[in-house]
Amino acid sequence: MDYEYKEATEELLEKIWEKNIEDNKGDERWLRWREEYLTYNLSGKAKTFLILFHGEPIGEGTLLFSEECSAVGGRKMLADGRKTANVNALRIEKAHEGKGHISALVRMMERFAMEQGCKKLTIGVEAKESRNLSIYLHWGYNEFVHSCTEDNTLVLYYAKQIDRENVL
């Protein structure tokens, strides 16, 4: 099989972050985010999942479980460390977009979150990203939770109750 979906190992996390930093050369935030996400994964505050193509990471998504994660910023309605987690950092290389890989990855993330005892997942989308918003609504993330301005951009947060009947 050419494509695989799996939980990230420490080695694969290093690979995807090397790629992210290379793709965003000159943007110092990516260096900070790399350290944060590696630390979150090692501490159990987050779990990253990858899309592999011929064994190489080409896409990712991370479940943030703790309100202490910087992307959650203390907002317990997004992740509370117990029953609510946040779907974060969904990305895939352009050449692999539109083939259902992110949907498959999110299904895996939802199942994992449910196995960890989560009852609700949240997801954020920039208001100007109407295509992504329509995808998230289609996936069942249709309970409006919160809006805020992050990096001068309006971000909308939606939630989905997860159980065996409504996991993607």
Given 3.5 Å as the limit, does a donor-acceptor pair link the side chain of [X] with the main chain of [Y], or not?
X	Y	answer
D151	T153	no
S66	K45	no
D80	K76	no

Answer yes when [X] and [Y] have at least one side-chain N-carboxylate O distance shorter than 4.0 Å, and no when they do not.
X	Y	value
E28	R32	no
K94	E97	yes
E56	K19	no

Locate the shortest heavy-atom distance separating [X] from [Y]; write the atom from each residue and the value.
X	Y	value
S103	W139	OG-NE1, 3.2 Å
G61	L105	N-CD2, 3.5 Å
P57	L50	CB-CD1, 4.3 Å
S134	R131	OG-O, 2.8 Å
K83	G117	CD-O, 3.3 Å
G124	N86	N-ND2, 4.5 Å

With a 4.5 Å cut-off on side-chain heavy atoms, are [Y] and [X] touching?
X	Y	value
M109	V87	yes
K6	L12	yes
Y157	M77	no
F49	V106	no
I102	I135	no
N41	K47	yes
E129	L133	no

Legend entry - side chain to side chain contact (heavy atoms under 4.5 Å, CB included) between N20 and E60, worked out: CA-CA 10 Å; N20 287 335; E60 67 185 294; 2.8 Å; yes

Legend entry - Criterion side chain to side chain contact (heavy atoms under 4.5 Å, CB included) on L121 and E110, from CA distance to verdict: CA-CA 8 Å; L121 290 179; E110 289 179 350; 3.6 Å; yes

Inset, instruction - Indicate whether any N or O donor in one side chain lies under 3.5 Å from an N or O acceptor in the other, for N88 and Y37. - result: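 Side-chain D/A pair, N88 to Y37: present.
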
Legend entry - Plane angle bin for F112 and F65 - parallel if under 30°, tilted between 30 and 60°, otherwise perpendicular: tilted

So, taking the atom named [atom1] in [X] and the one named [atom2] in [Y], what distance separates them when rounded to the nearest 0.5 Å?
X	Y	atom1	atom2	answer
N142	Y136	CG	OH	14.5 Å
T48	Y40	OG1	OH	11.5 Å
Y141	I123	OH	CD1	5.5 Å
E67	R82	CD	CZ	9.0 Å
R29	N24	CZ	CG	8.0 Å

Inset, instruction - May I ask you to check whether H101 and F53 place their ring centers less than 6.0 Å from one another? - result: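 Between H101 and F53, the centre distance exceeds or equals 6.0 Å.
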
Inset, instruction - Count the heavy atoms belonging to other residues, nucleotides or ligands that lie under 6.0 Å from NZ of K119, then report whether that count exceeds 12. - result: no

Inset, instruction - Step through the shown structure and confirm whether more than 12 heavy atoms of other residues, nucleotides or ligands are within 6.0 Å of CD on E35. - result: yes

Inset, instruction - Please check if L154 and L78 belong to a single hydrophobic cluster, counting links between Ile, Leu, Val, Met, Phe, Trp and Tyr side chain heavy atoms closer than 4.5 Å. - result: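 Per the 4.5 Å side-chain linkage, L154 and L78 are not co-clustered.
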
Inset, instruction - Begin from the C-alpha positions of Y3 and H96 and carry the test side chain to side chain contact (heavy atoms under 4.5 Å, CB included) through to its verdict. - result: CA-CA 10 Å; Y3 291 96; H96 303 275; 2.7 Å; yes

Inset, instruction - Run the numbers on I16 and R91 for side chain to side chain contact (heavy atoms under 4.5 Å, CB included), then give the verdict. - result: CA-CA 11 Å; I16 194 75; R91 297 185 269 275; over 6 Å; no

